[in-house]
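The chains referred to below are lettered A, B, ... by the order of the sequence lines, with proteins before strands, and numbering in each begins at 1. In this text the structure is predicted, and so the values were computed from the model without any measurement.
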There are 2 protein chains.
Amino acid sequence: MAHTLDIIFAALSDPTRRAILSMLLEDDMAVTDVAAPFTTSLAAISKHLQVLADAGLISQEKRGRVKWCKLEPDALRAATVWMQGFGQFEPVNLDAFERFLESELNDTIQAP
Amino acid sequence: MAHTLDIIFAALSDPTRRAILSMLLEDDMAVTDVAAPFTTSLAAISKHLQVLADAGLISQEKRGRVKWCKLEPDALRAATVWMQGFGQFEPVNLDAFERFLESELNDTIQAP
DNA sequence: GTAATCGTCAACTGAATGGTTGAATATGCC
DNA sequence: GGCATATTCAACCATTCAGTTGACGATTAC
């Protein structure tokens with residue numbers, strides 16, 4: 001249990017990995033396509049994806065030579081529950097969330 | 001922004017630090033008292049508290065020779081909002097949360 | 001004043017992390 | 001078969017992290 005939270009929070013602590021999760025929020029993607037917007041090497045992104053998969057935040061399925069990455073939002077439940085226990089926040093404003101995500105993506109990913 | 005989430009999630013990824021936050025949920029505490037249940041050194045706990053303070057998750061105020069540590073749950077808001085965007089979870093069951101916290105504390109802190 | 005208490009600092013260690021490059025392994029295409 | 005594409009592996013490097021121990025600066029108590 002504590003073990004799982006360790007790994008989930010550690011996975012979320014990296015901006016590249018959070019950016020990847022945001023990208024996968026829109027659609028499943030192949031590893032190469034996930035890596036495309038980043039300046040770091042493909043191997044580095046592959047490692048990040050492994051970290052996310054170990055945390056249960058994404059799943060990966062190989063079809064042919066392409067490995068598809070899929071968001072697994074349920075893995076965030078334990079972490080969300082843990083955090084909500086420390087303060088009751090009003091319901092999330094999803095519009096604000098989307099604007100926030102967008103600005104975080106812009107900070108993390110280089111413009112083409 | 002992304003910077004803040006980095007630091008908050010990294011702070012939460014350590015079980016000792018999460019245990020400290022749980023302890024502070026009940027009451028403000030002095031550094032020495034925070035350290036008491038742990039087997040690690042006082043200096044190590046002092047460092048953990050600095051990490052939590054840097055993340056804004058606690059505040060520290062020195063009165064006399066005692067430094068008091070206080071939970072600052074609002075710092076979790078940004079992180080909670082970020083995570084909730086990935087899935088709409090039902091309202092938190094606080095009883096379940098308390099049981100969970102207790103079991104996590106028992107896993108992290110040595111019985112006297 | 002002197003001694004005990006509270007907490008941090010400094011220097012060190014071992015392990016983990018994020019990154020690189022180049023080779024290796026599959027798989028698909030012609 | 002032969003070549004291109006997709007992804008990971010292996011080895012390496014620099015940095016960060018959690019922990020230790022011992023010394024040190026404050027503050028309180030006697």
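Contact check, A:H48 against C:dG19: a side-chain N or O comes under 4.0 Å of OP1 or OP2. Note on B:S46: a side-chain N or O is less than 4.0 Å away from OP1 or OP2 of C:dT8. Look at B:T40 and you won't find any side-chain N or O under 4.0 angstrom from OP1 or OP2 of D:dG19.
With distances taken from any side-chain atom of A:S41 to the nucleotides D:dT20, C:dT21, D:dA18, the minimum falls on C:dT21. The listed nucleotides are C:dG7, D:dA18, D:dT8; the one nearest the side chain of B:V31 is C:dG7.
The minimum heavy-atom distance linking B:S13 with A:F9 is given by the pair CA-CB, 3.6 Å. For B:C69 against B:L24, the heavy-atom pair with the smallest separation is O-CD2, 3.6 Å.
If B:A43 and B:V51 are placed on DNA chain D by their nearest nucleotide, the residue sitting closer to the 5' end is B:V51. For the pair A:D14 and B:A30, both in contact range of DNA chain C, the more 5′-proximal nearest nucleotide belongs to B:A30.
Between A:F9 atom CZ and D:dA18 atom C1' there is a gap of 19 Å when expressed in whole angstrom units. Atom CZ of A:R18 and atom P of C:dG18 are 12 Å apart (whole Å). Summarising the geometry, the separation between CZ on A:F38 and C1' on C:dT20 is reported as 17 Å, rounded to the nearest angstrom. Atoms CG (B:L42) and P (D:dG19) sit 13 Å apart, rounded to a whole Å. Whole-Å rounding puts the B:Q50 CD to D:dC17 P distance at 13 Å.
Nucleic acid contact for A:A10: none, since no nucleic acid atom lies under 4.0 Å from a heavy atom of the residue.
Evaluation of atom-type donor-acceptor distances gives no pair under 3.5 Å for the side chain of A:K47 against the base of D:dT7.
B:L5 is not listed as a side-chain neighbour of A:L12, based on a closest heavy-atom distance of 4.5 Å or more.
For the segment residues 55-67 of chain B, residues with any heavy atom less than 4.0 angstrom from an atom of DNA chain D are, sorted by number, B:G64, B:R65.
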